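Below: the structure, in structure tokens.
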Amino acid sequence: MIQTQLASLVRSAMERAQSSGDLPAFPIPPFQMERPARKEHGDWSTSIALEVAKQAKMKPRDVADAIVKALGADPAEHIAGVEVAGPGFINIRLSHHWLTGLVRDVEQAGEAWGRSSATAPEKIQVEFVSANPTGPMHLGHGRWAAVGDTLARLLEASGNTVEREFYVNDFGVQMLKFGQSVAARYLELLGQKVEIPEGGYQGRYVIDIAKEILLEVGDKYRNVPDDERVAFMRVEGQRRMLLNQRLTLQRFGVEFDVWFSERSLHDEGAVERVVELLKQLGHLYEKDGALWLRTTDFGDDKDRVIVRSTDRMAAYLAADLAYFMDKLRRGFERLIYLVGADHHGWKREMQAAIRALGEDPEHCEFLIGQFVHLTRGGESVKMSKRTGEAVTFDELLDEVGVDAARYHFLRVSMDQSLNFDLEEVVRQSQENPVYYVQYAHARISSIVKHAREQGVTIAPLENVALEELQHESELDLLRKLGELPEAVEVGARRREPHRMTRYAEELASLFHSFYRDCRVVTDDEALTQARLHLVTAAQIGLRNTLGLLGVSAPESM
RNA sequence: GCCCUCGUAGCUCAGGGGAUAGAGCGACUGCCUCCGGAGCAGUAGGCCGCAGGUUCGAAUCCUGUCGAGGGCACCA
């Protein structure tokens, strides 16, 4: 990429300055070119002169001058100007020819514009959402669905191989309670008076599920032992909830490669095996009737139970570790867990336990996202699945639509808790900046259509005089368009998908300004052709960015 | 008590060592004989929670402090 080329140009200029004596000898630290905040400061800049001034025992500006002088001895073709500014910044301006050439780069890359091949591509698994199959998804799940999916898209666009995985927590006490709740509703529908168990699921959807099951199997499970009925209801209820979640996610544009069952780990003995392994490694001990893992030896603040005393069943940590081993076995080089803020203690526990297994937690990333706070007119609304007060994610999508919801979730950093006021949702959705971006895309389609109606056909690139693009608004648009690969790379590397919405808005904004300043279809044939190609390229940039966000790019609105 | 995240414009949030701190929404002023006004141009609005420190340079890093949310289970 251009910035690494520029950085090495500057570096070799410094080396030349050192051998000619304009700069004293000192080790040159690694540095990168930066994007100046203001365009008057050029396309790229570096503060290296400020950083090394002390070592050089010179004034920062004198260091900068020496570098620029040496740089001038080796002029690169795509550099139009270099200047020293402020306290000693070196600002570099790229040539007009290089800039307009971006139109060609973008058009030739097409769908691939913005993608890059990683210097060290990895096989990465991203695990996210992983809701219990005990109820419909709520808003919190929606946030992680959007964030996780776009993160996965960014990692793919950066040259990695990515798998999306959903861990189905279909084992344990919660599932049992769920089965009991469905069974109770089932019996209730058959006219029996039945209490929902303590800590059971009260939501309306449990009744709906019981009704569906009743329709399908009739009263076959009325007079069977409780255990048998509950087991059946648990399995049937889970199957339906899982389907429900899958359909919601599909509607939201999120497709998982693997739905991994926690129960399967128990059934296949993987959990037992990992406990046995830990035992052989000598990290387990008995206390109070339970089996403990000595995680304190590996950085945790307390030891953790791995086999419960109450029923001698494996605790959840054992399953998590068995799952982890399974992921390793499948050959992933990097595991990303996207979880809610309530899991932050679990992160430390997992890291310690992974070390206990003799594995390196460096290859595991635990991304902790903050919660969605649901309110209605400023009043807090609980999102409890058990009481059923929650507004489901599906209901939200009914109200605001997929594009607005996805964009809304992706506009803020996952470190930030997100307020969601239901009364304002509809209003906010109409004013959602997603439409601003989509509008720019649709407008370009409209321009191209207009050109066609005027009898203008778009000429092949090799016959187009891109140097016709001279207006500052045209060049600003081009510069931003040229930033997409960098934006994708940074978003992926820093695991910050929300950056892409900002980029989308900046690109759309510069397009709209261009539209104000420059008419595309005019009597000037050469200029018309150049601009048609410019807007085509801009549309590619917008479409690819929206694609990363999982938002549609409409031809008309 | 200990741990994690966050305090930036009226509201929702970007920016996370560099030059004059930004966007959307809201408020106010203008702009359609001409490719889509879901748009454009502009005005007002900020001691970047507070106090110290590191640095040539701090909204950004460190310490403390106050406030908000979350965690500290043989639950997932």
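Every chain is numbered from 1, with letters handed out A, B, ... down the list of sequences. Atoms considered below: every heavy atom in the structure, side chains included; atoms not considered: hydrogens, waters and symmetry mates. These numbers were taken from a predicted model, which means no experiment stands behind them.
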key: Member of K480(A), R93(A), R479(A) meeting the salt bridge (charged side-chain N to carboxylate O under 4.0 Å, His left out) criterion with D43(A)   = R479(A)
request  = Would you sort out whether Y439(A) and H512(A) count as a ring-ring contact (aromatic ring centres under 6.0 Å, His included), showing the intermediate values?
outcome  = CA-CA 9 Å; Y439(A) 182 63; H512(A) 286 308; 5.6 Å; yes
Ignoring the backbone of [X], work out which of [options] is nearest its side chain.
{"X": "N91(A)", "options": "rA19(B), rC40(B), rC74(B)", "value": "rA19(B)"}
{"X": "T310(A)", "options": "rC74(B), rA14(B), rG15(B)", "value": "rC74(B)"}
{"X": "R38(A)", "options": "rC40(B), rC13(B), rA19(B)", "value": "rA19(B)"}

Can you check the [X] [atom1] to [N] [atom2] distance for me, whole Å?
{"X": "Y323(A)", "N": "rA76(B)", "atom1": "OH", "atom2": "C1'", "answer": "14 Å"}
{"X": "R502(A)", "N": "rG24(B)", "atom1": "CZ", "atom2": "C1'", "answer": "8 Å"}
{"X": "R411(A)", "N": "rC11(B)", "atom1": "CZ", "atom2": "C1'", "answer": "13 Å"}
{"X": "Q430(A)", "N": "rG24(B)", "atom1": "CD", "atom2": "C1'", "answer": "15 Å"}
{"X": "N132(A)", "N": "rA76(B)", "atom1": "CG", "atom2": "C1'", "answer": "6 Å"}
{"X": "M414(A)", "N": "rA14(B)", "atom1": "CE", "atom2": "P", "answer": "12 Å"}
{"X": "R348(A)", "N": "rC2(B)", "atom1": "CZ", "atom2": "P", "answer": "14 Å"}
{"X": "D415(A)", "N": "rU60(B)", "atom1": "CG", "atom2": "P", "answer": "17 Å"}

Taking the six-membered ring for Trp and the single ring otherwise, decide whether the centroids of [X] and [Y] are under 6.0 Å apart.
{"X": "F514(A)", "Y": "H471(A)", "result": "no"}
{"X": "W259(A)", "Y": "Y167(A)", "result": "no"}
{"X": "F171(A)", "Y": "H266(A)", "result": "yes"}
{"X": "F260(A)", "Y": "F166(A)", "result": "no"}
{"X": "W346(A)", "Y": "Y316(A)", "result": "no"}

Please classify the nucleic acid contact of [X] as base, sugar-phosphate, or nothing, using heavy-atom distances under 4.0 Å.
{"X": "L291(A)", "answer": "nothing"}
{"X": "H498(A)", "answer": "sugar-phosphate"}
{"X": "Y316(A)", "answer": "base"}
{"X": "E262(A)", "answer": "sugar-phosphate"}
{"X": "D288(A)", "answer": "base"}
{"X": "S417(A)", "answer": "sugar-phosphate"}
{"X": "K54(A)", "answer": "sugar-phosphate"}
{"X": "H41(A)", "answer": "base"}

Sticking with atom [atom1], work out how far [N] lies from [M], rounded to a whole angstrom.
{"N": "rG46(B)", "M": "rC40(B)", "atom1": "P", "result": "25 Å"}
{"N": "rU54(B)", "M": "rU8(B)", "atom1": "C1'", "result": "23 Å"}
{"N": "rC32(B)", "M": "rA41(B)", "atom1": "C1'", "result": "14 Å"}
{"N": "rC11(B)", "M": "rG18(B)", "atom1": "P", "result": "27 Å"}
{"N": "rU65(B)", "M": "rC74(B)", "atom1": "C1'", "result": "38 Å"}
{"N": "rC4(B)", "M": "rC61(B)", "atom1": "P", "result": "14 Å"}

ask   = Where along nucleotides 31-37 of chain B does protein come under 4.0 Å, by heavy atom, of base (B) or sugar-phosphate alone (S), with - for untouched nucleotides?
value = ---SBBS
message = Ring centres within less than 5.5 Å and planes less than 30° apart: is that true of F89(A) and rG18(B) in this structure?
response = no
Look at [X] and [N] and indicate whether a side-chain polar atom (N or O) is within less than 4.0 Å of OP1 or OP2.
{"X": "Q416(A)", "N": "rA14(B)", "answer": "yes"}
{"X": "R494(A)", "N": "rG16(B)", "answer": "yes"}
{"X": "Y436(A)", "N": "rC40(B)", "answer": "yes"}

Tell me if the side-chain of [X] makes a donor-acceptor pair with the base of [N], cut-off 3.5 Å, by modelled atom types.
{"X": "H344(A)", "N": "rC3(B)", "result": "yes"}
{"X": "N432(A)", "N": "rA38(B)", "result": "no"}
{"X": "S513(A)", "N": "rA41(B)", "result": "no"}

message = For a stem of at least 3 consecutive Watson-Crick or G-U pairs with distances under 3.5 Å, i pairing with j, i+1 with j-1 and so on, which stems involve RNA chain B?
response = B:1-7 with B:66-72, B:10-13 with B:22-25, B:27-31 with B:39-43, B:49-53 with B:61-65
inquiry  = Using a 4.0 Å cut-off on heavy atoms, which residues in residues 296-308 of chain A reach RNA chain B? List them by number, or say none.
reply    =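 Those residues whose heavy atoms fall under 4.0 Å from RNA chain B, taken from residues 296-308 of chain A in numerical order, are K302(A), V305(A), R308(A).
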query = Hey, is rC32(B) sitting syn or anti, using the within-90° cutoff around 0?
reply = syn
